[in-house]
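So the structure is just underneath, and the comments pick up after that.
Throughout, a chain's letter reflects where its sequence line sits, starting with A, and its residues are numbered from 1.
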There are 2 protein chains.
Amino acid sequence: MITDAILKFVPFSPDELNDILSHFEKEYVQKNQLLLKEGQVCNKLHFVEQGIGRSYYLKKEGKEVTQWFFGDGNFMSSVDSFFQENPSFYYMEILEDSILYSITKVKMDLLLAKYHKMEKFIRLLSIEMFSKIIHKLNAVQFQTAKERYDYMLTEFPDISHRVSLGYIASYLGMTQETLSRTRKND
Amino acid sequence: MITDAILKFVPFSPDELNDILSHFEKEYVQKNQLLLKEGQVCNKLHFVEQGIGRSYYLKKEGKEVTQWFFGDGNFMSSVDSFFQENPSFYYMEILEDSILYSITKVKMDLLLAKYHKMEKFIRLLSIEMFSKIIHKLNAVQFQTAKERYDYMLTEFPDISHRVSLGYIASYLGMTQETLSRTRKND
DNA sequence: TTTACTTTTTGATATAGGTCAAAAGGAAAC
DNA sequence: GTTTCCTTTTGACCTATATCAAAAAGTAAA
């Protein structure tokens with residue numbers, strides 16, 4: 001599955017692909033485990049082979065705000081922390097027992113330097129994430145609670161029923177109560 | 001100035017840099033001119049040597065919503081349209097008489113294929129934009145009108161006084177009236 | 001310097017969604 | 001099958017911001 005996720009962007013040869021995959025490590029991570037805390041520099045990029053993760057941050061009052069969900073078949077990381085080596089603004093958490101393929105920053109840098117095509121792959125991946133974030137921004141900034149929930153259903157069709165209401169509500173920028181009421185009236 | 005903006009990310013040699021710059025074209029664009037309409041595929045990436053641009057879209061009711069401002073020293077494009085060759089969701093407009101350096105998609109692809117470091121440059125540029133968008137998202141999603149305006153002042157210190165109130169208000173996801181009142185009470 | 005046009009401010013009122021509190025429903029633990 | 005704990009729903013009330021409308025200020029054109 002990670003193979004498809006990579007080849008979708010760039011046609012690596014079988015040899016190249018094997019080399020790349022050999023830099024990833026398979027990890028079994030349990031529910032509720034933190035991959036990263038706020039303030040740490042994120043030194044791994046993960047691929048969610050199976051499971052769900054999320055990134056979130058804490059508001060001053062201590063409330064958690066979900067920033068993104070990462071379902072099966074997606075790369076998961078605190079992207080700007082990973083690539084720019086800044087302290088992460090986010091926590092990264094696994095929400096279901098999951099299988100990940102993870103690569104360290106050091107190994108990623110080796111691959112980026114070794115393969116021109118690897119740079120291209122990461123460029124295209126970054127641009128795809130960029131698109132998705134913009135899509136969310138437009139949904140969240142100008143739409144009603146109902147429309148925001150509809151956006152959620154299309155962006156994360158599978159995830160919407162696997163994570164708790166509170167996480168989704170904060171992802172969409174509304175309270176749990178509002179989401180509950182919104183859902184009820186269809 | 002475009003030189004600095006490129007070297008900031010990747011240390012190209014003088015020869016490489018000259019080659020790259022030779023693919024850009026200097027353009028003088030007048031106030032209120034559109035660089036791109038919604039639905040078109042964006043086939044240019046611009047660098048704002050001097051001036052201001054913005055991207056915006058129309059809501060169903062026809063209201064303009066500013067999506068981003070591009071001030072001096074920044075690259076300007078409907079990024080996902082340019083790189084993924086999708087129809088753009090946005091209009092791109094110049095707000096002041098401006099000087100741009102522009103490169104076509106075809107030429108950009110040549111450079112990306114020719115130089116490994118060019119891929120790296122665009123990757124880093126993409127990630128930087130990604131970071132900025134996330135920053136906006138956090139500001140817009142959970143902050144009060146006052147806090148959003150403060151975010152604007154830090155993200156675009158120079159621009160805040162050069163563009164009309166209505167553009168800024170829609171950028172921040174509030175009405176013009178609210179922004180006017182917010183500004184007044186400091 | 002008057003006229004016309006655009007942008008910003010001010011005022012009055014309406015509303016979506018927030019807040020606080022408690023009840024109901026589910027899932028796991030004993 | 002209770003008990004405990006956590007999540008979701010419901011209810012009553014409140015507030016920030018939207019909306020609608022008009023006045024004021026600013027800018028450009030004649």
Phosphate contact ([N] OP1 or OP2) by [X] side-chain N/O below 4.0 Å:
X        : N      : value
A/Lys184 : D/dT9  : no
A/Thr178 : C/dG17 : no
A/Thr175 : C/dG18 : yes

Nearest whole angstrom, please: distance from the [atom2] of [N] to the [atom1] of [X].
X        : N      : atom1 : atom2 : answer
B/Glu177 : D/dT17 : CD    : P     : 14 Å
B/Lys31  : D/dA28 : NZ    : C1'   : 11 Å
B/Tyr149 : C/dT8  : OH    : C1'   : 13 Å
B/Arg183 : D/dA25 : CZ    : C1'   : 14 Å
B/Met174 : D/dT19 : CE    : C1'   : 16 Å
B/Glu147 : D/dT17 : CD    : P     : 9 Å
A/Lys63  : C/dG18 : NZ    : P     : 9 Å
A/Asn32  : C/dA28 : CG    : C1'   : 14 Å

State which of [options] makes the closest approach to the side chain of [X].
X        : options                : result
A/Gln176 : C/dA21, D/dT19, D/dT8  : D/dT8
B/Arg148 : C/dG18, D/dT17, C/dT7  : D/dT17
A/Ala145 : D/dT19, C/dG17, D/dA18 : C/dG17

Task: B/Phe9 ring center within less than 6.0 Å of B/Phe121 ring center - done: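 That pair passes the under 6.0 Å test.
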
Open item on the list: Tell me if the aromatic rings of B/Phe156 and B/Tyr171 count as close, with their centers under 6.0 Å from one another.
Closed with: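 Yes, they do, as the ring centres are separated by less than 6.0 Å.
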
Open item on the list: Considering every strand and a 4.0 Å limit on heavy-atom distances, what is the contact class for B/Ser164: base, sugar-phosphate, or nothing?
Closed with: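 The residue B/Ser164 makes sugar-phosphate contact but no base contact.
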
Task: Lys/Arg-Asp/Glu bridge criterion (N-O < 4.0 Å) met for B/Lys59, B/Glu38 - done: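 The answer is no: the pair does not qualify as a salt bridge.
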
- [ ] State whether the distance check finds a donor on one side and an acceptor on the other, under 3.5 Å, for side chain A/Arg181 versus base D/dG11.
- [x]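 Under the 3.5 Å cut-off, the side chain and the base do form a donor-acceptor pair.
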
Task: Residue pair A/Ile6 / A/Leu17, side-chain heavy-atom distance below 4.5 Å - done: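 The answer is yes, as the side chains (C-beta and beyond) meet within the 4.5 Å cut-off.
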
- [ ] May I ask you to test the B/Glu93-B/Leu35 pair for a side-chain heavy-atom distance under 4.5 Å?
- [x]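 No, their side chains stay 4.5 Å or more apart.
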
